[in-house]
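The figures here come from the full heavy-atom set of this structure, side chains too, leaving out hydrogens, waters and symmetry mates. The model shown is predicted, which means the values in this text are computed figures rather than measured ones. Naming convention: chains lettered A, B, ... in sequence-line order (proteins, then strands); numbering from 1 in each chain.
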Amino acid sequence: MHYWLMKSEPSCFGLTDLQQRPDQTEPWDGVRNYQARNMLRDQMQCGDRAFLYHSNCKETGIVAVMEIVHNGYPDPTAFDPREKHFDPENDPNSPRWFMVDVKLIRPLKRTILLSELRQHAELDGLQLLSKGNRLSVMPVSEKHWQFILSLEGSEG
DNA sequence: GCCAACGTTGGC
DNA sequence: GCCAACGTTGGC
């Protein structure tokens with residue numbers, strides 16, 4: 001079992017969108033970064049847990065816990081010219097972009113803000129907090145995962 | 001809207 | 001292989 005953090009802009013797809021999906025499940029498509037692709041394709045497994053993180057918005061932070069419910073498989077939106085993240089160089093015989101399916105486990109009782117995460121020395125090394133970090137999918141150690149969950153019940 | 005940080009592209 | 005130019009991400 002591994003732990004992850006997955007970013008999304010709520011203006012594009014956020015917690016409320018996920019809550020409204022059938023079975024509260026969604027294919028996590030549109031990732032077009034090789035590092036993130038490698039994790040989606042090779043490392044993320046059914047049963048893994050992932051934080052949902054809202055980026056590029058008023059209250060940036062962690063808002064929910066999700067489960068990976070489908071191992072990595074080719075992202076069909078990369079083959080569709082009508083899609084925003086269409087990749088014309090993508091060879092159907094050797095798909096370049098992958099995705100997983102995620103399912104909502106539960107929203108957090110409160111948003112754990114990025115500014116709050118930065119205040120805890122226990123979270124040193126968390127990739128989300130590293131300078132210039134732009135990965136939309138990243139691993140979270142079990143220690144960091146548990147610590148972040150422990151913040152949920154505190155005042156912030 | 002600004003801008004720093006990063007990834008990608010392409011000329012050489 | 002180097003690196004400048006460019007596009008994107010994402011916090012503020």
Checklist entry - What about the rings of A/Trp4 and A/Tyr53, do their centers lie closer together than 6.0 Å? => result no
Item to check | A/Phe79/A/Trp97 aromatic ring centres below 6.0 Å | outcome: no
Item to check | NE2/A/His120: more than 12 non-hydrogen atoms of other groups inside 6.0 Å | outcome: yes
Checklist entry - Which pairs with one or both residues in residues 38-66 of chain A pass salt bridge (charged side-chain N to carboxylate O under 4.0 Å, His left out), sequence neighbours excluded? => result none
Next on the checklist: Within a 6.0 Å radius of atom CD on A/Gln35, are there more than 12 heavy atoms belonging to other residues, nucleotides or ligands?
Outcome noted: no
Next on the checklist: Across nucleotides 6-12 of chain C, 5' to 3', mark each nucleotide with B, S or - according to how protein heavy atoms within less than 4.0 Å reach it.
Outcome noted: -BBSBBS
Checklist outcome for this item: Result for 5'-nearest mapping on DNA chain B, choosing between A/Tyr34 and A/Lys131, is A/Lys131
